[in-house]
Amino acid sequence: MALSNKHILLIISGGIAAYKSLDLIRRLKERGAKVTPVMTRGAQEFVTPLAVGALSATHVFTELFSRQDEQDVGHIRLARDCDLVLVAPATADLLAKMANGMADDLASTVLLATDRPVLVAPAMNPKMWEAKATKRNIATLKSDGIAFIGPMAGEMAEKGEAGVGRMAEALQIAEAVEHLLDDAPKPLKGKTAIVTSGPTHEPIDPVRYIANRSSGQQGHAIAAALAKLGAEVTLVSGPVTIPDPAGVTTIHVERAEEMRDAVLGKLPSDIAVFVAAVADWRVASSSEQKIKKQPGDAPPALQLTENPDILKTVGHHEKRPRLVIGFAAETQNVEDNGRAKLQRKGADMIVANDVSPETGIMGGARNQVKIISASGVDAWLDLSKTEVAERLAALIAERLT
Ligand code: C5P
């Protein structure tokens, strides 16, 4: 398990997002971590120490001036006897205290006393997140080496409030913890990688678009797997509903042309993996206004034009990466089509899979692929998309070292 033998000190401060910390404890524990919770006064207004302790199955620390706790552990040991201090949710108030070195309760004292890495997951109203004082505090904390996950954009607990300020989801936070505590070998350290993922949306008018089916799961998993081996990864993602992977720089795009520009902007690079299901065509001139349906009118005829082939462009580019890998989602003649694609696109490797509906691969968690290269074909059967990603990243590391 990714976090076995790791001890996380989880500081929960007082915001409505504190309820998500209950799930976070479960996520950390299912990865093998021991979790010791510390709760501020405010946090106890939102969730009870009883609920937190029931999930962590450890003592919950709440008071700085507790004779018993000081005798048993003491706040200095609490601050040091862990592998990471995680603050989730981190309120604007606690961040302000951290930035200014204040220590007037157990949470802030532990944060001042710790010599361990600290990861914070802020959660607050968007106006508070945008406030100049918060921005100053965040800049200070970043320069002090504090790591951040989120906040994310979206709806707030307050009705009608939306913007940046939601705490990252428990899974994202657990992944960020894994990333920070990862001490596995890094064969791709010093190497850069570009990965494309997801579909592209090609507008017909401001509300309609053409797209391929793609969840982005495989591409995102590959970006994460390359980062885990130490590569500096840029993920260029089309519109997807899954979160950005931890430890990766994600550039969000909509259209194929935007995806191409983002990819070319990242050259030179050592590795490029093209997983995105790029729409082959776009509407030649998309309408500025919504095309209205008039009773009795014939449906509009869409004039399509070809999109740039990003893989092919990069495969023949003067700044071509050392390793260029493409995907081929096919519904028939998987191997032959894959081999033809290798030639045509200038790739070193094609990962080909059968996406006919009966395989359940499209949108599902599992995959089976054929790795086609100049040296032959290798079949990887019935793996999870994460396993495909990890094996591919290992193969990339082998080829580059
Ligand atoms: O030709 P086809 O779309 O089947 O090729 C699939 C491979 O090419 C994938 O790796 C995909 O990401 C890439 N591709 C691309 N730009 C396009 C079309 C496909 O990068 N316009």
Side-chain angles (χ1 to χ4, degrees), residues 193-203 209-223 225-226 233-240 250-267 269 271-284 304-317 319-356 359 361-363 367 369-373 377 380 385 388-389 392-393 395-396:
I194 305 167
V195 180
T196 68
S197 184
T200 61
H201 285 183
E202 309 298 335
Y209 59 82
I210 298 174
N212 285 10
R213 286 186 203 281
S214 171
S215 64
Q217 287 182 73
Q218 187 64 81
H220 280 51
I222 289 169
L226 289 168
V233 183
T234 302
L235 172 66
V236 183
S237 174
V240 292
T250 305
I251 302 177
H252 294 273
V253 297
E254 291 263 330
R255 299 179 292 108
E257 289 174 304
E258 289 170 354
M259 187 173 271
R260 175 204 51 200
D261 293 347
V263 167
L264 295 183
K266 280 288 161 184
L267 292 181
S269 174
I271 306 155
V273 190
F274 297 88
V275 199
V278 183
D280 289 313
W281 306 282
R282 67 176 183 278
V283 176
L304 298 180
T305 184
E306 205 163 312
N307 260 334
D309 189 321
I310 309 167
L311 165 56
K312 198 168 158 191
T313 307
V314 173
H316 296 97
H317 202 276
K319 291 186 197 158
R320 183 189 190 279
R322 262 176 74 193
L323 208 50
V324 174
I325 301 176
F327 268 65
E330 301 289 348
T331 52
Q332 53 191 348
N333 300 335
V334 176
E335 225 171 288
D336 289 347
N337 284 329
R339 243 190 287 269
K341 218 157 273 185
L342 193 66
Q343 290 291 325
R344 196 171 68 245
K345 306 236 184 186
D348 300 291
M349 213 186 279
I350 290 284
V351 182
N353 58 5
D354 184 348
V355 292
S356 39
T359 63
I361 285 172
M362 197 77 93
N367 210 346
V369 299
K370 289 189 171 151
I371 308 293
I372 302 168
S373 69
V377 180
W380 295 352
K385 287 185 178 171
V388 168
L392 188 65
L395 186 61
I396 290 171

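All residue numbers refer to positions in the sequence shown, counting from 1. Remember, it's 1-based here, ligands and their atoms both numbered in the order they're listed. FYI, side chains are in, hydrogens and waters are out, and symmetry mates aren't considered; it's all heavy atoms of this structure.
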- prompt: When you check the gap from the basic side-chain N to the acidic O, do R320 and D348 get nearer than 4.0 Å?
  reply: yes
message: Strictly below 4.0 Å, N to O, side chains only: are K370 and E330 in salt-bridge contact?
response: no
task: Go through ligand 1 atom by atom and flag the ones less than 4.0 Å from a non-hydrogen atom of A276.
output: 11 (C), 12 (O)
field: side-chain contact (heavy atoms from CB on, under 4.5 Å) against A211, all qualifying residues, sequence neighbours excluded
entry: H201, Y209
message: Side chain or backbone, does F274 bring an N or O within less than 3.5 Å of an N or O on ligand 1?
response: yes
field: Whether N333 side chain and D336 backbone form a donor-acceptor pair below 3.5 Å
entry: no
query: With no hydrogens and no angle check, is any side-chain donor or acceptor of N307 less than 3.5 Å from a backbone partner on A279?
result: yes
field: Contact check: F327 vs ligand 1, nitrogen or oxygen atoms, below 3.5 angstrom
entry: yes
query: Is a side-chain donor or acceptor of T196 paired with a backbone partner of A276 at a separation under 3.5 angstrom?
result: yes
- request: Quick one: look up the protein heavy atom nearest atom 17 (C) of ligand 1 and list residue, atom name and how far away it is.
  value: V278 CB, 3.5 Å
- request: Return the option from D280, T196, L311, V314 holding the heavy atom at the smallest distance from atom 20 (O) of ligand 1.
  value: L311
Proximity to ligand 1 by part of N307, non-hydrogen separation under 4.0 Å: neither
- line: closest protein heavy atom to atom 16 (N) of ligand 1 is I310 N, 3.0 Å
- prompt: Going by the order shown, which atoms of ligand 1 are within less than 4.0 Å of some heavy atom of P308?
  reply: 16 (N), 17 (C), 21 (N)
message: Within the 4.0 Å heavy-atom shell around G326, which atoms of ligand 1 are there?
response: 10 (O)
message: Using a 3.5 Å cut-off on N or O atoms only, is A277 in polar contact with ligand 1?
response: no
field: Over 12 foreign heavy atoms within 6.0 Å of NZ, K266
entry: no
message: My understanding is that only residues two or more places apart in sequence, or in another chain, count here; which of them pass side-chain hydrogen bond (donor to acceptor under 3.5 Å, both in side chains) with H316?
response: none
field: Shortest heavy-atom approach to atom 19 (C) of ligand 1 - which of K341, K345, E330, R260
entry: K345
